[in-house]
Amino acid sequence: MDVLETVAGTVWIAAILYVFVSDALSAGEQWWGFINGSFFLGLIAGSLFCLHFSDRIEQKLSQFIFLGAISGSLATILFGLNSLPLLALLLSFLVGVFGQIKNIPQQTVVQTSVPKNQLPMVFTTLGAIGTGTFGVASLLMGVLADAVGIRGVFVLSGILLAAVSLIAYKERVLLRRTVQE
């Protein structure tokens, strides 16, 4: 799931997003900043949502992981197909919200499924894999953007997130607390 998400997330790097703003939205460069700001506001809103509903989320970790992934998938595809700058702001905000609704419970699963003494090794390994994947995927997304167009890479990103949601659904029994405090 992490590898697919990392690949999907590379469409949000500056080089890809800037081309999207220019070519797909036909908007000025300031919209790149507006869209980034909207995304980060979505991350904050998603975090606040998870904080407010933490008890409910903790009881249904796998459902929130699935819900966040599938909703993020749809928002990303709609973002890629959109031509209206204001709608792009809303969709970018929603991608941030849904990302947190998926990521926070997923992080909880890792933290509560691994013995405390193994957490540093697990997070170091996940970080190393994520960093390597992100570097290679960023290059690939740039090449794909030239080959299939800027909208195509956002649709691909959404499809990858749909695959994440499918994995989350099929493996939902694994997405729960297993280490007792």
Side-chain angles (χ1 to χ4, degrees), residues 1-47 65-107 110 123-171:
M1 284 173 56
D2 282 349
V3 169
L4 291 175
E5 279 179 275
T6 300
V7 173
T10 59
V11 296
W12 298 99
I13 63 173
I16 302 290
L17 191 55
Y18 186 76
V19 172
F20 182 84
V21 166
S22 175
D23 292 0
L25 298 180
S26 299
E29 62 189 40
Q30 69 273 21
W31 281 91
W32 173 82
F34 298 156
I35 289 170
N36 268 328
S38 179
F39 173 77
F40 282 103
L41 284 174
L43 291 176
I44 293 167
S47 296
I65 293 168
F66 171 76
L67 175 70
I70 195 67
S71 300
S73 167
L74 293 172
T76 300
I77 290 170
L78 291 173
F79 181 91
L81 298 175
N82 171 50
S83 297
L84 305 171
L86 286 175
L87 184 56
L89 287 179
L90 173 64
L91 292 167
S92 178
F93 175 82
L94 291 175
V95 169
V97 169
F98 297 137
Q100 288 298 77
I101 289 172
K102 188 205 78 53
N103 290 336
I104 291 172
Q106 188 172 321
Q107 191 82 353
V110 173
F123 282 120
T124 300
T125 303
L126 287 173
I129 292 168
T131 300
T133 301
F134 187 82
V136 172
S138 295
L139 177 63
L140 269 172
M141 280 299 177
V143 170
L144 282 173
D146 284 341
V148 300
I150 199 66
R151 290 184 187 280
V153 293
F154 279 93
V155 171
L156 173 61
S157 175
I159 291 168
L160 291 172
L161 292 173
V164 168
S165 68
L166 182 63
I167 293 168
Y169 180 77
K170 285 186 161 211
E171 303 298 333

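This structure is a prediction, so every number in the text was calculated from the model and none was measured.
Rounded to the nearest 0.5 angstrom, Leu144 CG and Leu139 CG are separated by 9.5 Å. Considering OG1 of Thr76 and CD1 of Ile159, their distance stands at 11.0 Å, rounded to 0.5 Å. To the nearest 0.5 Å, atoms CG (Leu43) and CD1 (Ile101) are separated by 11.0 Å. Taking CG of Leu94 as the reference point, atom CG of Leu78 lies at 9.5 Å (rounded to 0.5 Å). Note: Ile104 CD1 to Ile65 CD1 = 11.5 Å, rounded to the nearest 0.5 Å. In this structure, CE in Met1 is found 13.0 Å from CG in Leu160, a value given to the nearest 0.5 Å.
Counting heavy atoms of neighbouring residues, nucleotides and ligands inside a 6.0 Å radius, atom CD of Glu29 does not exceed 12 of them.
Scanning all heavy atoms of the two residues, the minimum distance from Ile77 to Val155 falls at CG1-O, 4.0 Å. Closest of all the heavy-atom pairs between Leu25 and Ser83 is CD2-C, 3.6 Å. Heavy atoms only, all atoms of each residue included: Ile16 and Ala145 are closest at CD1-CB, 4.2 Å. When all heavy atoms of Trp12 and Ala8 are compared, the pair lying nearest together is CD1-O, 4.4 Å.
Residues Val3 and Ile129 are in side-chain contact: their nearest non-hydrogen atoms beyond the backbone lie under 4.5 Å apart. Side-chain atoms of Ile35 and Tyr18, non-hydrogen and from C-beta on, never get closer than 4.5 Å to each other. Contact of the Val7 side chain with the Met141 side chain is registered, since non-hydrogen atoms from C-beta on lie closer than 4.5 Å. Using a 4.5 Å heavy-atom cutoff, the side chains of Val148 and Leu156 are not in contact. Here the side chains of Phe123 and Val110 are in contact, with some heavy-atom distance below 4.5 Å.
A donor-acceptor pair under 3.5 Å links the side-chain atoms of Thr6 to the main chain of Asp2, judged by distance alone. Panel note: side chain Ser73, backbone Gly158; a donor-acceptor pair is recorded below 3.5 Å.
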Please assess Trp31 against Leu86 for the test side chain to side chain contact (heavy atoms under 4.5 Å, CB included), listing each intermediate value before the final yes or no. CA-CA 9 Å; Trp31 281 91; Leu86 286 175; 3.8 Å; yes
Side chain to side chain contact (heavy atoms under 4.5 Å, CB included) between Val153 and Phe20, worked out: CA-CA 10 Å; Val153 293; Phe20 182 84; over 6 Å; no
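Sorted by first and then second residue, the side chain to side chain donor-acceptor pair (under 3.5 Å) pairs with a member in residues 92-103 read Glu5-Lys102, Ser47-Gln100, Lys102-Gln106; sequence neighbours excluded. The list of side chain to side chain donor-acceptor pair (under 3.5 Å) pairs with a residue in residues 124-139, not counting sequence neighbours, is empty.
Among residues two or more places apart in sequence or in another chain, the side-chain contact (heavy atoms from CB on, under 4.5 Å) test is passed with Leu87 by Asn82, Leu84, Leu90, Leu91.
Each of Phe93, Phe39, Phe98, Phe154 was evaluated against Phe79; a single residue qualifies, Phe154, per the ring-ring contact (aromatic ring centres under 6.0 Å, His included) test.
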